[in-house]
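Let me begin by presenting the structure, written as structure tokens, before commenting on it.
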Amino acid sequence: MCAFPNMVGTSNGRRSCRCAACPGTLHPCCCAGTWADVNCAVSGTGVGEEFIRRAAAHDVAARVQYKGISLTEAMHEVVWQSMSQGDGGFVGVDSDYNCVIDFNSVGMYRAAVDFRGNNVLAVFQDTEQQAGQEQGVQQGRAA
């Protein structure tokens with residue numbers, strides 16, 4: 001998946017608290033929420049069917065390439081304008097190795113460490129994680 005030799009992105013491919021009768025919970029489509037090219041590497045998690053339907057991870061990378069916007073802006077546009085509330089979100093790394101996290105659900109299991117030693121490990125939203133800048137990891141939404 002990775003276009004950069006030092007980048008890794010993963011997705012658990014499903015939602016928490018899912019029911020056995022829900023589509024995609026028994027047979028998830030691995031890597032449906034991932035994309036990497038020369039501009040960024042993006043990994044998403046949440047409602048897998050929505051990531052597939054929207055080609056959401058690719059959409060983030062395409063906006064970086066075609067619109068010339070930052071990964072933070074592209075991720076924010078896809079998460080908050082293309083996806084429905086509660087669908088999930090992304091962890092991504094741009095070509096300058098800046099880590100970006102954004103999601104539109106109450107919580108999202110996420111962890112990131114950059115080459116500067118900045119890190120985030122969280123599940124739910126809170127003010128510190130939304131600000132992101134205190135830890136050096138860019139969040140898609142400003143506090």
Side-chain angles (χ1 to χ4, degrees), residues 1-4 7-37 39-143:
M1 157 187 129
C2 197
F4 301 111
M7 284 194 208
V8 172
T10 63
S11 171
N12 70 357
R14 58 188 176 186
R15 295 173 47 180
S16 293
C17 304
R18 62 207 174 275
C19 65
C22 296
T25 59
L26 299 176
H27 305 285
C29 181
C30 294
C31 299
T34 60
W35 185 267
D37 60 23
N39 298 306
C40 62
V42 179
S43 179
T45 191
V47 182
E49 291 80 5
E50 297 306 317
F51 283 84
I52 295 167
R53 183 177 294 118
R54 290 179 169 80
H58 176 265
D59 191 12
V60 171
R63 290 171 192 243
V64 171
Q65 181 175 357
Y66 299 134
K67 293 177 81 174
I69 60 178
S70 70
L71 178 58
T72 303
E73 295 170 300
M75 194 179 290
H76 186 81
E77 285 182 7
V78 172
V79 168
W80 291 98
Q81 295 172 13
S82 296
M83 299 173 73
S84 298
Q85 180 72 29
D87 278 353
F90 295 99
V91 174
V93 182
D94 68 16
S95 58
D96 293 323
Y97 300 103
N98 296 305
C99 184
V100 181
I101 301 170
D102 200 0
F103 58 98
N104 64 19
S105 51
V106 173
M108 182 179 86
Y109 293 96
R110 60 202 183 279
V113 179
D114 70 12
F115 67 92
R116 297 173 198 93
N118 300 313
N119 64 74
V120 63
L121 173 63
V123 177
F124 299 104
Q125 297 177 3
D126 67 33
T127 307
E128 181 179 320
Q129 289 154 355
Q130 287 179 0
Q133 303 308 321
E134 292 145 14
Q135 298 171 339
V137 176
Q138 299 174 20
Q139 301 285 320
R141 288 178 299 211

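Keep in mind that what you see is a predicted model, and the values were worked out from it rather than measured. In this chain, residues are counted from 1 in sequence order.
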Worksheet entry | Closest heavy-atom pair and its distance - V91, M75 | C-CE, 4.2 Å
Discussion item. I'd like to know whether V64 forms a side chain to side chain contact (heavy atoms under 4.5 Å, CB included) with S70, so could you lay out the CA-CA distance, the side-chain angles of the two residues, the decisive distance to 0.1 Å, and finally the verdict.
Written reply: CA-CA 6 Å; V64 171; S70 70; over 6 Å; no
Practice prompt. State, to 0.1 Å, how close S43 and T34 come at their nearest heavy-atom pair, and which atoms those are.
Written response: OG-CG2, 3.8 Å
Worksheet item: Just checking, is any N or O donor in the side chain of N39 or R63 under 3.5 Å from an acceptor N or O on the other one?
Response: no
Discussion item. List the residues meeting side-chain contact (heavy atoms from CB on, under 4.5 Å) with A62, not counting sequence neighbours, and say none if there are none.
Written reply: H58, Y66
Practice prompt. Could you walk me through whether M108 and F124 pass the side chain to side chain contact (heavy atoms under 4.5 Å, CB included) test, one step at a time?
Written response: CA-CA 6 Å; M108 182 179 86; F124 299 104; over 6 Å; no
Discussion item. Which heavy atom of F115 sits nearest to which heavy atom of D96, and what is that distance?
Written reply: CE2-O, 3.9 Å
Worksheet item: Hey, are the side chains of L71 and V42 touching, using non-hydrogen atoms and a 4.5 Å cut-off?
Response: yes
Worksheet, complete the sentence: One should read off an interatomic distance between D87 CG and E49 CD, to the nearest 0.5 angstrom, of 10.0 Å
Worksheet item: For the residue pair F90 and F51, is the inter-centroid distance of their aromatic rings smaller than 6.0 Å?
Response: yes
Worksheet entry | Pairwise side-chain contact, D102 with W80, heavy-atom cut-off 4.5 Å (strictly under) | yes
Practice prompt. Sort and list the pairs that fulfil salt bridge (Lys or Arg N to Asp or Glu O under 4.0 Å) and have at least one residue in residues 64-74, not counting sequence neighbours.
Written response: K67-E77
Worksheet entry | Contacts of type side chain to side chain donor-acceptor pair (under 3.5 Å), residue S84, not counting sequence neighbours | none
Item to complete: Please report the shortest heavy-atom distance between V60 and A74, naming the atom on each side.
Response: O-CB, 3.5 Å
Worksheet item: Looking at A112 and I101, what are the two nearest heavy atoms and their distance?
Response: CB-CD1, 4.2 Å
Discussion item. Please find the pair of heavy atoms, one from V79 and one from N104, that lie closest to each other, and give the distance.
Written reply: O-ND2, 2.8 Å
Worksheet item: Going through the checks in order, is the side chain to side chain contact (heavy atoms under 4.5 Å, CB included) test met by N98 and R116?
Response: CA-CA 10 Å; N98 296 305; R116 297 173 198 93; 3.2 Å; yes
